[in-house]
Each structure stands twice: as C-alpha cells, then as structure tokens.
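Below: one structure, written as structure tokens.
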Amino acid sequence: MGLFGGRKTVFVDADILVIGGGMAGCGATYESRYWGRDLKVVCVEKANIERSGAVAQGLYAINCYMGMRWDENQPEDHVRYARNDLMGLVREDLGYDIARHVDASVHLFEEWGLPMMKDPKTGRYQREGKWQIMIHGESYKPIVAEAARKAATEVYNRIMVTHLLMDSAKANRVGGAVGFNVRTGDYYVFRAKAVIIAAGGASHIFKPRAVGEGMGRTWYAPWSSASAYGLPIQVGAKMTQMENRIVLTRFKDGYGPVGAYFLHLKTYTENGYGEEYEKRWYDDTKALVGEYVDHHPVPTCLRNHALLKEVAAGRGPIRMVTKEAFQDPHKETVGWENFLGMTIGQAIVWASQNIDPKHINPELTTSEPYVMGSHATCSGAWASGPEDYAPAEYQWGYNRMMTVDGLFGAGDTIGGTAHKFSSGSFTEGRIAAKAAVKYIMEKGRDQPQLSEEEVRDLQKTIYQPMENYRVGRNEIVAGTVSPSYLLPIHGLQRLQKIMDEYVGGISSHYMTNDVLLNRGLELLGMLKEDMNRMGAEDLHQLQRVWELHHRLLAAESVTHHTLFRQETRWPGYYYRGDFMKLDDQNWHCFTVSRYDRNTGKFEMEKAPVYHIID
Ligand SMILES: Cc1cc2nc3c(=O)[nH]c(=O)nc-3n(C[C@H](O)[C@H](O)[C@H](O)COP(=O)(O)OP(=O)(O)OC[C@H]3O[C@@H](n4cnc5c(N)ncnc54)[C@H](O)[C@@H]3O)c2cc1C
C-alpha cells in the first residue's frame with residue numbers, strides 16, 4: 001500500500017472542537033451544549049471517552065471540593081492552600097475561578113449516579129482530608145463520559161490529534177486540527193470556530209524508575225503524552241511554569257497513592273531504622289527556602305526534600321507505618337479498597353513481593369518527574385483570566401483563552417493553577433466552554449479558512465514514518481535497528497535519558513545546572529533533527545511517533561524554563577546546583593515562553609504574580 005493508498009480523508013466542520021475527552025474535555029463538551037444550544041460541538045479523543053485519561057481506572061477520592069453549602073471551606077481558602085503548596089506562585093484569579101464553581105460540578109456527578117461516601121453522623125460527604133471527599137469511584141469516568149456523549153453533536157473516538165491548524169485569513173487565530181484514526185488510518189481534518197485543548201499531562205518525558213519488564217508502569221497515565229502542551233506550543237501559544245515538574249512520593253514499584261493512607265488512616269513515615277526524620281532536615285531546608293518551611297501544611301516539595309536528604313544520608317529506605325492502622329479491620333478494608341478503586345497494580349505488586357501492610361511497613365520512594373497542570377504543580381498554557389476577577393494584565397480576551405485567538409484550554413493544559421484535580425479539571429472545562437461559546441457569538445461567527453496546501457502537506461508529514469519503515473525495513477534482515485530509521489521506542493528512551501541526566505531526573509537526584517541544561521538542549525536538538533527519520537511499522541507505532549513529537553516539544557520547553565529560572569524554588573521537585581536557594585527578590589514571578597516554529601527558538605520572559613487574596 002502506498003503512502004495514502006486505501007485511506008480516506010474525512011472533513012469535519014464544527015463550531016467547537018474539544019480535543020481530548022478526559023475530565024476537562026468531558027466538562028467542556030457538556031458545558032458547550034448548555035450555552036450553545038444550536039452549536040455543533042465535536043469531541044475528539046485518541047482512546048475512547050468511556051475509559052480514557054488519567055481517571056480511566058477510577059478514583060477513590062475527589063480531591064477538590066470546597067463544601068461551601070456546609071460552610072466547610074471557601075474558595076479563598078483553597079487559593080491560599082494552593083499558593084502555599086506552590087511556594088507562593090499560582091494564578092490566583094484562575095484558581096479562585098475554579099474553586100468558586102467546583103462544588104456545583106461535584107453535585108452534578110452525584111446527580112448522574114456517582115456513589116459518594118457519606119458521613120453517617122452528619123450526612124455530609126465523607127471527608128478524607130480538608131479538600132478531599134471519598135467516593136466509590138470505579139465508574140467515575142464512564143459516568144462523566146455519558147454526560148459528555150449526550151451533550152456532544154459527535155464524539156470521534158480513536159483519533160490522535162497531531163497538529164492544530166491556523167486560520168489562513170486571520171493572523172494568530174486557530175482554525176482547527178488534524179489527526180488520524182489509530183484503527184483505520186483515515187486522515188481527519190477538523191475545522192472549528194473555537195478549539196478547546198484538554199489533552200492531559202505528560203508522563204514518560206523523564207526516564208521512569210520502572211524499566212525493562214516494568215516499563216509502562218508510571219504514576220501518571222502512560223498515555224498522557226504531552227499533547228496538551230505539544231499542540232499549543234507548535235502554534236506559538238505562550239506557556240508558563242513549565243519548569244514546575246512534579247515528583248511524587250508514592251509506594252515503591254506500584255506508584256500507589258498515599259493520600260488516603262496519610263489523611264484517612266493516619267499513617268506516618270519513618271526511616272529505615274524506625275526514626276522520625278523530617279524534623280532533622282528543618283534547618284537545612286530553612287537555609288534553602290527561608291520561612292516557607294514554617295508554612296502549614298508543609299509544601300509537598302519540601303516533604304520530598306526531607307525524604308531525599310534522609311536517603312542520601314544513608315538511612316533509607318523510607319517506610320510508611322501501616323502496621324498500626326491495619327490492625328483496625330475498617331482501616332484495613334479502606335487501605336485495600338483505596339487501591340482496588342484506582343491503582344490495582346499496587347495491590348498486585350505487594351502480593352508479588354510478599355508485602356502485607358498489616359505485618360510489613362511498605363517502602364515509599366520518589367517518582368520520576370511529570371509535567372502537568374492539574375495536580376500539585378502548575379505547568380501549562382498561559383491563559384486569560386475571568387473578567388470579574390483577573391488583574392488587567394491577565395486579561396487579553398476570553399476566560400481560559402490562550403495567547404492564540406479562539407484557542408482555549410482546561411485541566412492539565414492550563415498553567416498556574418495547581419490542585420484542581422479531577423473535579424477542578426472538569427470545572428475548568430466548563431469554564432472554558434462557556435467562554436468559547438461567548439467568543440463564537442461575539443467574534444468568531446465566521447468559519448476560519450484553512451490552507452489546502454497546509455492540510456495536504458500535513459497529511460504527507462503525518463504518515464511519512466510508515467513510508468520510512470516500509471522502505472527502510474528492506475535494509476535489514478533481522479532485529480529492530482535500522483541504519484535509516486529510528487523506532488518510537490528508541491526515540492522515547494533517548495528523550496528520557498537526556499531529560500534524566502541533564503534536566504534533573506532520578507539518576508541525577510533531581511539536580512541540574514546551566515551547563516547541564518545547555519548540553520541537554522543541544523542533545524534535544526539532535527533528537528529533533530532525527531525526528532523526520534522516524535519509522536512506524538503500523539498505526540499503533542505511528543501514534544507513538546506523534547506522541548513522541550509532543551513529548552519532545554514539551555521537554556524542550558521544560559528545559560528552557562528550567563534554565564531561565566535562576567533559583568531553586570521547589571527543592572524536592574528539582575535543584576539548580578548553581579542557584580541552590582529560593583530567591584524571592586528576583587524570581588517571585590511566573591516564567592513565560594513562546595516557541596517560534598519558523599526559527600525553532602523559545603523566547604523567555606517574566607510575568608508578575610498578583611496576590612489578590614490576602
Ligand atoms: C495516578 C493518579 C491519581 C490521581 N488521583 C486523583 C484523586 O484521587 N482525586 C482526584 O480528584 N484527582 C486525581 N488525579 C488527577 C486527575 O486524574 C486529573 O487532574 C484529571 O484527570 C486531569 O484532567 P484532564 O482532562 O486534563 O486530563 P485527562 O483526564 O487525563 O484527559 C486527557 C484526555 O486527552 C486524551 N488525549 C491525549 N492526547 C490526545 C491527542 N493527541 N488527541 C486526542 N486525544 C488526546 C487522552 O486520551 C485523555 O482522554 C489523579 C491522577 C493520577 C494520574
């Protein structure tokens with residue numbers, strides 16, 4: 001079969017195109033219909049929205065719920081909490097906007113059938129922690145997807161979006177997107193008046209701890225392949241805080257979550273000799289970050305820092321003390337159910353390693369870094385804020401619109417707003433959709449014009465790896481190493497090694513400096529040169545190629561941002577060896593980048609942090 005033989009090209013016109021049908025994408029699709037009754041709302045997803053995204057396997061807790069109807073927390077409290085955890089740097093306007101609406105989203109989930117745990121005494125949602133409520137959440141994603149399916153005009157599953165298209169008639173306006181069906185190979189061209197990117201965060205950019213037979217076992221979903229960043233970066237949308245990668249302390253080897261254990265089961269940690277160790281590192285941490293170490297709760301990165309220091313001092317491994325809590329049959333049940341509802345792999349790893357937490361305190365370790373905007377870090381696109389709340393400098397258009405006209409984002413896509421989690425991501429999708437409908441009504445009624453030439457060129461580019469493989473395969477008789485093409489797994493491992501060794505991954509103990517980062521950029525540049533020599537033996541591998549493209553762009557962005565910020569703001573997430581201290585005087589600001597696809601260069605600038613809430 002030739003390059004295009006047997007494959008159809010499918011053209012789809014839409015008013016709103018939602019890319020990615022995870023939590024934020026489902027929220028965006030649902031809300032687009034609410035405000036845009038007559039609009040054509042299309043959701044495109046590379047898997048199947050029924051079980052796609054980071055919530056695919058289910059969750060045991062909704063991590064962002066204010067409880068305003070019971071006066072448990074107010075939105076301002078959540079902003080203070082996120083600001084504290086991120087060492088002072090969050091977009092308070094965006095965070096407040098999510099917090100004031102998130103409860104309504106959670107109430108919708110309950111209405112749609114999500115089983116919520118209730119406190120038998122008060123009748124309120126069962127709290128796991130100050131912000132978390134407990135759910136029987138195995139079917140969380142199918143429930144949310146059903147609402148999106150009913151709201152959408154069309155859902156296109158199994159289509160990997162590879163590139164955004166720009167309006168050829170209007171400068172800096174988005175026009176749609178292209179991609180391919182990962183099962184049939186058909187080429188899809190979407191034209192849309194507004195595009196909402198909700199394509200999840202980025203795993204597998206840094207070398208993971210689990211390699212060889214364990215490869216693919218990561219904390220964040222392995223299919224979170226950085227499209228949320230790669231797509232907007234390609235078209236010049238500004239990004240922020242890309243250096244703010246996250247490192248998680250999790251149960252060793254299975255990456256099982258620890259939140260329910262700490263918060264609900266009241267477990268605690270100790271070093272290999274059964275000693276408390278966090279206090280031991282107080283002075284050391286204070287010397288790096290000053291008074292931030294005295295904040296309550298202690299910021300996540302600083303707790304990682306104490307753990308890393310203790311292990312480096314030779315007193316590992318760090319263990320979670322579960323033996324006490326698990327003597328209580330109720331707590332034991334909760335401990336296991338916590339995994340069975342969302343990380344079954346951890347229960348299996350424990351079983352395979354003879355670990356019964358009732359009798360053995362399991363080991364904890366820190367993960368490789370991930371890039372994302374919805375968890376305890378806030379990498380992502382630089383977005384316009386809410387009209388009634390954002391400072392003027394943060395408002396250039398519609399709420400959650402990026403610096404490209406008509407291009408919106410939500411969830412992991414949007415930067416500056418940590419701690420939104422599943423419910424906050426869904427809520428942000430709703431916020432973005434409402435603004436996108438307004439944008440269409442006021443400004444974008446006309447369909448964008450697409451360049452036929454660009455659409456044709458992209459078609460050739462997208463499928464070229466299959467042609468590279470078809471031709472190059474003849475040069476070798478066995479094995480997978482070819483003189484003329486690079487397989488996606490090879491490219492991925494090369495990317496991970498560069499990021500790991502030069503940009504602060506696990507093998508360098510999260511340490512980097514300007515020399516390493518500059519060399520890392522050179523090596524990433526060489527990998528980029530080789531990307532047009534990728535070979536794909538089938539459509540599945542073709543998807544891997546395009547995921548790698550997105551990961552590579554995101555990785556370059558992370559490296560530029562890390563180089564730009566000359567301080568160590570989040571010890572425990574990463575360290576700049578040449579600037580080991582937090583420097584509020586010079587770096588109490590956001591880092592913002594813009595990629596120019598014509599020159600391949602990233603331009604960096606600082607943006608002010610406004611503290612709107614006292
Ligand atoms: C291990 C783990 C545990 C978590 N625990 C909790 C918890 O206990 N409570 C909580 O509230 N939150 C939790 N979260 C966070 C929550 O899952 C995320 O905040 C949320 O899913 C982010 O929403 P999103 O829409 O941005 O990304 P996702 O939900 O991941 O959705 C992204 C979607 O985009 C699709 N996609 C990606 N690239 C493309 C492309 N190129 N073309 C088309 N489609 C594409 C993906 O297939 C996916 O469906 C957890 C996350 C993880 C990974």
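What you are looking at is a predicted structure, and each value in this text was computed from that prediction instead of being measured. Keep in mind that the numbers below use all heavy atoms, side chains included, and drop hydrogens, waters and symmetry copies. Atoms within a ligand are numbered from 1 in the order they appear, just like the ligands themselves.
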Query - Flag if over 12 foreign heavy atoms under 6.0 Å of CZ, Arg124 - result: yes

Query raised in the report: Hey, looking at atom 34 (O) of ligand 1, which of Ala199, Ser52, Gly53 has the closest heavy atom?
Result: Ala199

Report task. State which residues pass ring-ring contact (aromatic ring centres under 6.0 Å, His included) with His375; sequence neighbours excluded, sorted by chain then number. Result -> Trp219, Phe421

Query - Close approach of Ile159 to ligand 1, heavy atoms, under 4.0 angstrom - result: yes

Requested in this report: Mark up the atoms of ligand 1 that fall under 4.0 Å of a heavy atom belonging to Ser374, in ascending order.
Outcome: 18 (C), 19 (O), 22 (C)

Requested in this report: Measure across Ala260 and Asn338 and return the closest heavy-atom pair with its distance rounded to 0.1 Å.
Outcome: CB-ND2, 3.4 Å

Query raised in the report: With a 4.0 Å heavy-atom cut-off (strictly under), which part of Ile62 contacts ligand 1: side chain, backbone, both or neither?
Result: backbone

Query raised in the report: CD of Glu547 to OG1 of Thr162: how many Å apart, nearest 0.5 Å?
Result: 11.5 Å

Requested in this report: Indicate the atoms forming the closest heavy-atom contact of Lys420 with Gly373, along with that distance.
Outcome: CE-O, 2.9 Å

Query raised in the report: When you measure from atom 35 (C) of ligand 1 to each heavy atom in Met23, Glu45, Lys46, which option holds the nearest one?
Result: Glu45

Query raised in the report: Considering only the protein, which heavy-atom contact is closest to atom 42 (N) of ligand 1, and what is its distance?
Result: Val161 N, 3.0 Å

Requested in this report: Would you kindly say whether His204 and Gln496 are connected by a side-chain donor-acceptor distance under 3.5 Å?
Outcome: yes

Query raised in the report: Is the closest N or O pair between Tyr60 and ligand 1 shorter than 3.5 Å?
Result: no

Report summary line: Per-atom filter on ligand 1: closer than 4.0 angstrom to a heavy atom of Ser425 are 19 (O), 20 (C), 22 (C), 23 (O)

Query - Exercise: do Ser367 and Tyr220 side chains pair donor with acceptor under 3.5 Å - result: no

Query - Note: Glu31-Arg400 ion pair, threshold 4.0 Å (strictly below) - result: no

Query raised in the report: Evaluating non-hydrogen atoms only, which member of Trp131, Phe426, Tyr220 is closest to atom 52 (C) of ligand 1?
Result: Tyr220

Report task. Please indicate whether any nitrogen or oxygen in Trp219 is less than 3.5 Å from any nitrogen or oxygen in ligand 1. Result -> no

Query - Option whose closest heavy atom lies nearest to atom 30 (O) of ligand 1, chosen from Gly200, Cys64, Ala56, Ala54 - result: Ala54

**Report entry** Taking atom 31 (O) of ligand 1 as the reference point, the nearest protein heavy atom with its distance
**Finding:** Gly22 CA, 3.2 Å

Query raised in the report: Would Phe206 and Tyr370 count as a close aromatic pair, with their ring centres under 6.0 Å?
Result: no

Report summary line: for atom 5 (N) of ligand 1, nearest protein heavy atom and its distance come out as Leu59 CD2, 3.4 Å

Query raised in the report: For ligand 1, which atoms sit closer than 4.0 Å to a heavy atom of Ser422?
Result: 10 (C), 11 (O), 12 (N), 16 (C), 19 (O)

Query raised in the report: More than 12 heavy atoms of other residues, nucleotides or ligands under 6.0 Å from NZ of Lys331: is that the case?
Result: yes

Query raised in the report: Between Ala61 and ligand 1, is there a nitrogen or oxygen pair with a distance under 3.5 Å?
Result: yes

Report task. State whether the shortest distance between N or O atoms of Ala24 and N or O atoms of ligand 1 falls below 3.5 angstrom. Result -> yes

Report task. Mark up the atoms of ligand 1 that fall under 4.0 Å of a heavy atom belonging to Ala198, in ascending order. Result -> 32 (C), 33 (C), 34 (O)

Query raised in the report: Quick one: do Asp15 and Lys193 make a salt bridge, cutoff under 4.0 Å?
Result: yes

Report task. Flag Lys141 as yes when one of its N or O atoms lies below 3.5 Å from any N or O atom of ligand 1, and as no otherwise. Result -> no

Report summary line: If we number the atoms of ligand 1 from 1 as shown, the ones under 4.0 Å from a heavy atom of Gly411 are 26 (O)

Query raised in the report: side-chain contact (heavy atoms from CB on, under 4.5 Å) with Val106: which of Ser423, Cys64, Ser422?
Result: Ser423

Query raised in the report: Of all the atoms in ligand 1, which lie at a distance below 4.0 Å from a heavy atom belonging to Val55?
Result: 17 (O), 21 (O)

Query raised in the report: Relative to the heavy atoms of Asp412, which atoms of ligand 1 are at a distance of less than 4.0 Å?
Result: 22 (C), 26 (O), 27 (O)

Report summary line: Taking every heavy atom of Tyr65 against every heavy atom of Val102, the minimum-distance pair comes out as CA-CG1, 4.5 Å

